[in-house]
Amino acid sequence: MNPRILAATIGRILRQLRHDRRTVALLVVVPAVLLTLVYFMYVDQPHPPGQPTVFDRVALIMLGFFPFIIMFLVTSIAMLRERTTGTLERLLTTPLGKLDLLFGYGIAFGLAGVVQATIASAVAYWVFGLSTAGSSGLVIMIAAINAVLAVALGLLCSAFARTEFQAVQFMPVVVAPQLLLCGLFVPRGQMAGWLQAISDALPLSYAVEALQEVGAHAEPTTTMWRDVAIVAGAALVALVLGAATLRRRSG
């Protein structure tokens, strides 16, 4: 990768994102609205004394899941649009390499994910009183890495879609199983053996576990850092695979 070309690519993508008001609203406003719904769903739910409230448990995981689902959707459609409009073909006739392009997307949307996670965390902590043993900075870091993972998976999946509708169809295939098996609804250790095996192979499971570690421990734990490394490694692998499968045209 060429650092100068990579920086130029990141700048181009951020400028495009800044001028797309609907996408900015999706990134910034929607998580806050969804957190509001979660709060009023669980605010009056009973919980054992000395234990986290249901809202604390669910909202903490949602802070990692919102960047994942939104960034996956936005990135897969954005890359598909680059191909169908011919922009990608023109870009690849320049010194821009595939890794420059994909890592540029990963970093640019990762930065957008940091902004999204920061705003959503501010709403959760300061408006709705989310309480975690660990710091909010760790929550934001994990959410941002989750956003990069979603970007990488979105870029990878976009290579196999020819229309925006097909890109959206990857969501129930890639996103839904990870939500169901990440440990939010049933602890992973209580799942059937074959479901736990699938859960262990899904990167979102480790992001959720890392967030749960932050929620339960005042200081970063070895498990949390291990999980963060796994999620970051999965994002890197997906970006490299995305570069290998990147096509100039959708048809």
Side-chain angles (χ1 to χ4, degrees), residues 7 9-43 55-56 58-82 102-132 135-155 157-158 164 167-168 170-171 174-176 178-179 182 184 204 207-208 210-211 214-215 228 231-232 235:
T9 302
I10 295 171
R12 179 183 69 85
I13 296 168
L14 288 176
R15 286 192 297 273
Q16 289 179 339
L17 183 61
R18 185 184 63 188
H19 291 101
D20 188 343
R21 295 182 179 179
R22 291 183 181 180
T23 300
V24 171
L26 178 65
L27 296 177
V28 174
V29 178
V30 171
V33 173
L34 294 178
L35 276 173
T36 302
L37 294 177
V38 171
Y39 175 77
F40 285 107
M41 285 171 59
Y42 293 110
V43 63
F55 172 76
D56 287 344
V58 175
L60 179 61
I61 296 176
M62 289 296 101
L63 287 175
F65 187 69
F66 289 154
F68 184 83
I69 187 172
I70 293 174
M71 287 300 179
F72 179 87
L73 176 63
V74 170
T75 306
S76 57
I77 292 177
M79 176 53 71
L80 184 65
R81 198 168 291 169
E82 295 265 55
L102 291 186
F103 274 82
Y105 261 94
I107 295 172
F109 278 101
L111 293 173
V114 171
V115 174
Q116 180 190 59
T118 301
I119 294 173
S121 297
V123 171
Y125 278 96
W126 296 321
V127 177
F128 299 127
L130 174 66
S131 176
T132 56
S135 73
S136 59
L138 290 173
V139 174
I140 293 171
M141 178 195 71
I142 296 169
I145 295 174
N146 228 25
V148 175
L149 171 65
V151 170
L153 292 175
L155 292 171
C157 291
S158 71
E164 293 183 8
V168 173
F170 277 102
M171 287 194 64
V174 176
V175 177
Q178 301 205 59
L179 174 63
C182 70
L184 173 60
L204 187 63
V208 168
L211 288 168
V214 175
V228 167
V231 176

field: Test side-chain contact (heavy atoms from CB on, under 4.5 Å) applied to Ala108 - qualifying residues, sequence neighbours left out
entry: Ile10, Ile13, Leu14
- line: Correct closest heavy-atom pair for Asn146 and Ala207 would be OD1-CB, 3.2 Å
field: Residues which pass ring-ring contact (aromatic ring centres under 6.0 Å, His included) with Tyr39, listed by chain and number, not counting sequence neighbours
entry: Phe55, Phe128
Closest approach of Leu130 to Ala59 (non-hydrogen atoms, all atoms of both residues): CD1-CB, 4.3 Å
task: Kindly write out the residues that satisfy ring-ring contact (aromatic ring centres under 6.0 Å, His included) with Phe68, not counting sequence neighbours, or none if the list is empty.
output: none
task: First locate atom CG of Leu184, then atom CE of Met62, and finally report the distance between them rounded to the nearest 0.5 Å.
output: 4.5 Å
- prompt: To the nearest 0.5 Å, how far apart are CG in Leu73 and SG in Cys157?
  reply: 12.0 Å
Side chain to side chain contact (heavy atoms under 4.5 Å, CB included) assessment of Gln178 paired with Leu153: CA-CA 12 Å; Gln178 301 205 59; Leu153 292 175; 4.0 Å; yes
- prompt: Rounded to the nearest 0.5 Å, what separation is found between the CZ atom of Phe72 and the CG atom of Leu149?
  reply: 10.0 Å
- prompt: How close do Pro67 and Ala150 get, heavy atom to heavy atom, and via which atoms?
  reply: O-CB, 4.0 Å
message: Would you compute the distance between atom CG of Leu155 and atom OG1 of Thr75 and round it to the nearest 0.5 angstrom?
response: 5.5 Å
query: Do the non-hydrogen side-chain atoms of Phe109 and Leu17 ever get within less than 4.5 Å of each other?
result: yes
message: Tell me every residue that passes side-chain contact (heavy atoms from CB on, under 4.5 Å) with Val148, counting only those two or more places apart in sequence or in another chain.
response: Ala235
task: Without swapping roles, check the side chain of Gln116 against the backbone of Leu27 for a donor-acceptor pair under 3.5 Å.
output: yes
task: Hey, could you give me each pair passing side chain to side chain donor-acceptor pair (under 3.5 Å) that has a residue in residues 117-132? Not counting sequence neighbours.
output: Tyr125-Thr132
- prompt: Can you name the nearest heavy-atom pair linking Gly113 to Ala147, along with the distance?
  reply: CA-CB, 3.8 Å
- request: Could you tell me the separation between the CG atom of Leu60 and the CG atom of Leu211, rounded to the nearest 0.5 Å?
  value: 5.0 Å
task: Mind jotting down which residue pairs meet the side chain to side chain donor-acceptor pair (under 3.5 Å) criterion with at least one end in residues 17-32? Sequence neighbours excluded, please.
output: Asp20-Thr23
message: Nearest 0.5 angstrom please: Leu63 CG to Leu35 CG, how far?
response: 5.5 Å
- prompt: What's the shortest heavy-atom distance between Val114 and Ala144, and which atoms?
  reply: CG2-CB, 3.5 Å
